[in-house]
Amino acid sequence: MDAASRESFLEFVTNRSTALLRTAVLLSGGDRHAAEDLLQNALVKAAGRWHRIDEPEAYVRQILYRQQVSRWRLKGRRKELTVAEPPDPGADARTAHATDATAAAELRLVMRDALSRLTARQRAVLVLRYFEDLPEADVARLLGVSVGTVRSTTHRSLARLRVLAPELSLLDPSDGGRQQPPSRDFAPVEVRP
């Protein structure tokens, strides 16, 4: 790698590694150490081809997705360690939110915990569809599956998330307001003909 390419690569890593690490953490189910390994491997692969890459961020993200797919395919052949009960988040996690920052942090923790309990394939599909905002066809291409598989996996993954973290359903605007708490802005009005 020549000096100009090296400088360009170092600038890319400095500017984009935080965003790429966030994606890697989501893909790895909240395991920061696995996410750092995933990102480091992706950056090493990108560095070897840096002078031929037109869109570096897209290239590195694709490496992240493909490496994670390879990991879950290999992991599927290994036996998974199961525990009798999920960890209790404690009484503090159930109290009312003091500030918006606290609420946002708690939401991230709940989401990370719920995502970590999904299968790697389910997690990858949800991250690509909703966190990366990719269309189903792109997700299918990146994961090497059909669009129908992406749709069915998305459906099953969202259903599983609702079971694992029911508090997330309060934030879902697509449920027609059935699960949302009643508004305190106005009282219901009875309309008579």
Side-chain angles (χ1 to χ4, degrees), residues 1-78 80 104-105 107-158 160-161 164-165 168 171 174:
M1 182 182 292
D2 64 358
S5 294
R6 181 180 171 86
E7 185 65 32
S8 170
F9 179 74
L10 290 175
E11 181 180 332
F12 170 78
V13 170
T14 302
N15 293 335
R16 300 305 304 154
S17 62
T18 303
L20 292 169
L21 182 59
R22 267 188 249 125
T23 300
V25 167
L26 289 170
L27 285 171
S28 64
D31 184 351
R32 184 161 176 104
H33 298 294
E36 289 171 351
D37 289 344
L38 190 66
L39 179 58
Q40 184 176 8
N41 289 338
L43 290 173
V44 167
K45 286 183 178 188
R49 298 177 176 261
W50 190 253
H51 62 282
R52 291 183 271 170
I53 299 173
D54 293 329
E55 297 179 40
E57 185 161 355
Y59 186 83
V60 171
R61 285 182 185 276
Q62 188 169 30
I63 293 171
L64 287 173
Y65 306 142
R66 289 185 176 175
Q67 282 186 326
Q68 187 60 27
V69 167
S70 295
R71 284 183 180 185
W72 63 254
R73 284 183 177 154
L74 289 175
K75 205 179 260 190
R77 297 182 187 137
R78 295 185 210 148
E80 186 173 309
L107 176 62
R108 282 193 304 273
L109 291 173
V110 168
M111 181 60 81
R112 186 176 68 188
D113 182 52
L115 283 173
S116 71
R117 291 193 264 160
L118 295 175
T119 66
R121 177 186 237 174
Q122 289 173 329
R123 190 170 47 246
V125 167
L126 289 182
V127 167
L128 292 171
R129 284 286 293 133
Y130 298 107
F131 290 97
E132 295 294 323
D133 200 26
L134 293 177
E136 291 171 340
D138 290 350
V139 174
R141 184 180 46 76
L142 284 170
L143 298 180
V145 298
S146 70
V147 173
T149 300
V150 170
R151 288 179 184 155
S152 63
T153 303
T154 301
H155 177 74
R156 284 191 307 272
S157 303
L158 291 174
R160 183 75 179 135
L161 266 183
L164 294 173
L168 293 176
L171 304 173
S174 66

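Computation of the quantities below employed the complete heavy-atom set of this structure, encompassing side-chain atoms and omitting hydrogens, waters and symmetry-equivalent molecules.
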**Study point:** Exercise: identify the closest heavy-atom pair between A114 and A165
**Key:** CB-CB, 4.0 Å

**Study point:** Smallest separation among heavy atoms of V147 and A137, with atom names
**Key:** CG2-CA, 4.0 Å

Check your understanding: Hey, what do you get for OG1 (T153) to NE2 (H155), rounding to the nearest 0.5 Å?
Key -> 11.0 Å

Exercise for review: Could you pull out the closest heavy-atom pair between R129 and L134, with the gap in Å?
Suggested key: NH1-O, 2.7 Å

Review point. Would you find a donor on one side and an acceptor on the other, under 3.5 Å apart, between the side chain of T154 and the backbone of V150?
Key: yes

Point to revise | Side-chain heavy-atom pair V145, V125 within 4.5 angstrom cut-off | key: no

Point to revise | P56 vs W50 side-chain heavy atoms within contact, under 4.5 Å | key: yes

**Study point:** CG on L164 to CG on L118, rounded to 0.5 Å
**Key:** 6.0 Å

Practice item. Of all the heavy-atom pairs spanning S17 and L39, show the shortest one and how long it is. Key: O-CD2, 3.8 Å

**Study point:** Shortest non-hydrogen contact between A46 and I63, atoms and distance
**Key:** N-CD1, 4.2 Å

Exercise for review: Taking atom types as modelled, find out whether R61 and T23 have a side-chain donor-acceptor pair closer than 3.5 angstrom.
Suggested key: yes

Check your understanding: Hey, does R121 have a side-chain heavy atom less than 4.5 Å from the side chain of T149?
Key -> yes

Point to revise | Atom CD of E36: over 12 foreign heavy atoms under 6.0 Å | key: yes

Point to revise | CZ on R117 to CD on Q122, rounded to 0.5 Å | key: 12.5 Å

Exercise for review: Decide yes or no for I53 and F9: does some side-chain heavy atom of the first lie under 4.5 Å from some side-chain heavy atom of the second?
Suggested key: no

Review point. Do V139 and E136 come close enough that some side-chain heavy atom pair is under 4.5 Å?
Key: no

Revision key, fill the gap. Separation between CZ (R123) and CZ (R160), nearest 0.5 Å, reads 12.5 Å

Check your understanding: Distance from L21 atom CG to R32 atom CZ, nearest 0.5 Å?
Key -> 4.5 Å

Revision key, fill the gap. Value for CG (L143) from CD (Q68), rounded to nearest 0.5 Å, stands at 10.0 Å

Check your understanding: Just by distance, do the side chain of R112 and the backbone of L26 share a donor-acceptor pair under 3.5 Å?
Key -> no

Check your understanding: Are V13 and L10 close enough that some pair of their side-chain heavy atoms sits under 4.5 Å apart?
Key -> no

**Study point:** R49 to Y59 - nearest heavy-atom pair and separation
**Key:** CD-OH, 2.9 Å

Point to revise | Polar side-chain atom of S28 near backbone of V25 as donor-acceptor pair, under 3.5 Å | key: yes

**Study point:** Validation row: Q62, E55 side chains within 4.5 angstrom (heavy atoms)
**Key:** no

